[in-house]
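Have a look at the structure below, then the notes.
To find a chain, count down the sequence lines: A is the first, B the second, and so on, and within it residues start at 1.
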Number of protein chains: 2
Amino acid sequence: MPSNVSQRQNNKLESDESVRTARTGIRGRPRADALTSDRRSQILKVSARLFAEYGFENTSVRQIADEVNLLAGSLYHHFATKEDILHEILQEPLRRIVEDNIAITKLQVDAEHKLIINTITRFRRHVYDGHFDSIILNDGNFFRRRADFAYVQKAKQRVFDLLETILKDGMVAGLFHPGIDTYLMIGTIARILASAAAWFRSGDIYTSDKPASYSFDRVLDFHLDCILRMIRTPSRLNEPIPREACERLALLV
Amino acid sequence: MPSNVSQRQNNKLESDESVRTARTGIRGRPRADALTSDRRSQILKVSARLFAEYGFENTSVRQIADEVNLLAGSLYHHFATKEDILHEILQEPLRRIVEDNIAITKLQVDAEHKLIINTITRFRRHVYDGHFDSIILNDGNFFRRRADFAYVQKAKQRVFDLLETILKDGMVAGLFHPGIDTYLMIGTIARILASAAAWFRSGDIYTSDKPASYSFDRVLDFHLDCILRMIRTPSRLNEPIPREACERLALLV
DNA sequence: GTCTATACAGTGATAGAC
DNA sequence: GTCTATCACTGTATAGAC
């Protein structure tokens with residue numbers, strides 16, 4: 001899954017032509033099979049990728065238009081402003097976060113299982129909603145400055161609230177060591193998962209003697225291990241991590 | 001130290017006027033006491049702050065010029081390009097990283113002490129070279145795209161190399177548990193410290209029931225504890241963290 | 001639904017007067 | 001060392017023809 005998306009092809013002429021002929025070929029007859037009203041979702045998909053790579057403010061509407069073979073002006077038939085595109089990109093991933101949290105809260109398992117399931121789920125989302133995740137990470141300053149994007153912070157808050165509940169429950173149940181500063185630990189766990197997923201997506205290789213292509217599962221296991229070491233009460237450190245059981249439950253989330 | 005720098009005052013007219021009178025008042029007589037040839041370092045300081053807050057690409061030369069009470073064109077008497085300003089901002093913090101690494105390598109202490117000293121040093125740099133750190137973090141994509149900034153990656157590599165040596169030594173010495181995947185652990189530790197420092201600087205408060213103003217030392221202790229839990233061989237988990245001894249050595253670094 | 005054409009503010013950078 | 005004036009370009013966005 002790790003990939004390097006670097007080549008910013010300057011395919012203006014080439015693609016302009018190819019598509020123009022394609023379009024003329026079906027003039028007046030909107031195909032239902034392919035991407036008809038899909039212009040809209042096509043724009044969303046391309047924008048998400050560009051925003052993730054260059055940042056929202058550093059992506060121009062011309063760049064977006066180029067990649068969907070439109071002229072800049074034509075974008076404004078589909079969206080009122082560039083910011084509206086961003087709003088719509090954020091909508092679904094944010095909804096998923098809320099749904100995940102509700103589902104995990106309802107589970108009838110102990111705090112450690114919930115922690116593991118939450119970790120699996122969050123890490124999966126971070127990795128597979130990669131564009132969303134990059135945007136949230138890279139344009140964090142932008143979202144903080146702009147009041148009309150405050151709902152982004154609200155979703156983040158929900159994630160923190162769930163983690164807080166889990167940590168406190170686990171401490172009461174004696175599963176986690178009693179000295180945990182939940183406030184600091186919540187932030188630390190969240191940042192570990194987000195930044196690890198960003199690394200995993202980018203496929204960044206920093207050390208020479210490990211060309212290393214790590215699988216999703218291996219990276220996930222590593223971080224589960226780290227998090228449980230930070231949190232478990234020492235006497236429980238050698239207990240196995242109920243990975244499979246939690247994995248099954250995580251799929252239902 | 002945590003602060004919120006949000007207000008981007010639109011004081012163009014106001015400051016334009018006030019300064020113009022101030023300058024006319026001392027026309028022709030450059031004061032030696034204040035900032036004479038300091039124009040240059042003043043520009044660097046202001047630029048670092050702006051780049052850190054808005055990102056390099058989203059900061060305009062006019063913004064910089066405004067804040068040092070110059071016109072945009074005049075900046076080009078001091079620097080050839082906007083990118084040169086960035087190059088110079090990066091120079092010193094990067095040099096410090098290299099020096100830190102050399103100093104730590106030379107220390108005659110065991111791997112765990114080195115790990116702790118390295119953690120203290122890195123965290124301190126992250127927090128107090130805050131502008132540098134924000135730039136590295138926020139404009140990471142920019143640096144990765146641009147070959148003429150490759151030296152940034154090189155410094156990062158040195159940090160990783162040192163951590164790798166420490167981890168391997170500690171495992172051989174039986175101080176750290178033997179199963180550590182050093183490659184993954186290096187990245188995880190580095191990201192934990194960088195992202196924790198970014199959080200600490202921003203003073204971001206995400207949970208309602210903890211208004212919490214954490215001290216530098218408290219946050220550092222928390223992360224030292226987390227890192228050692230992840231790494232120590234279980235039987236050594238209850239040994240105290242030699243904080244003071246390492247703190248003294250870290251000050252010499 | 002897309003294109004042509006354009007408005008208009010902002011961008012990094014330069015030339016030459018003072 | 002700073003200012004004035006300006007260049008060539010890119011930024012988001014709009015109006016109206018097809």
Check whether any side-chain nitrogen or oxygen of A/His78 sits under 4.0 Å from OP1 or OP2 of C/dT2, and answer yes or no. yes
Given atom CG of A/Asn69 and atom P of C/dG1, what is their separation to the nearest angstrom? 17 Å
Holding to salt bridge (Lys or Arg N to Asp or Glu O under 4.0 Å), I want the full list of residues that pass it with B/Arg96, two or more places apart in sequence or in another chain. B/Glu92, B/Asp129
Rounded to whole Å, how long is the line connecting atom CG of A/Asn58 with atom C1' of C/dG10? 14 Å
So which pairs with a foot in residues 74-84 of chain B pass salt bridge (Lys or Arg N to Asp or Glu O under 4.0 Å), sequence neighbours left out? B/Glu83-B/Arg146
How many Å lie between CD on B/Gln63 and P on C/dT11, as a whole number? 7 Å
Which letter, B, S or -, goes with each nucleotide of nucleotides 12-18 of chain D from 5' to 3', with contact meaning a protein heavy atom under 4.0 Å? BBB----
Residue list, ring-ring contact (aromatic ring centres under 6.0 Å, His included) with A/Phe123, at least two apart or on another chain: A/Phe216
Looking at the rings of A/Phe142 and A/Phe56, which for Trp means the six-membered one, are their centres under 6.0 Å apart? yes
Write down the distance between CG (B/Leu71) and P (D/dC3), rounded to a whole number of angstrom. 4 Å
Can you list everything that forms a side chain to side chain contact (heavy atoms under 4.5 Å, CB included) with A/Glu99? Sequence neighbours excluded, please. A/Arg95
Between D/dT2 atom P and B/Ile64 atom CD1, what is the distance in whole Å? 15 Å
Separation of C/dG10 P from B/Asp66 CG (nearest whole Å): 12 Å
B/His87: ring-ring contact (aromatic ring centres under 6.0 Å, His included) partners, not counting sequence neighbours: B/Phe149, B/Tyr151
Check whether any side-chain N or O of A/His77 sits under 4.0 Å from OP1 or OP2 of C/dG1, and answer yes or no. yes
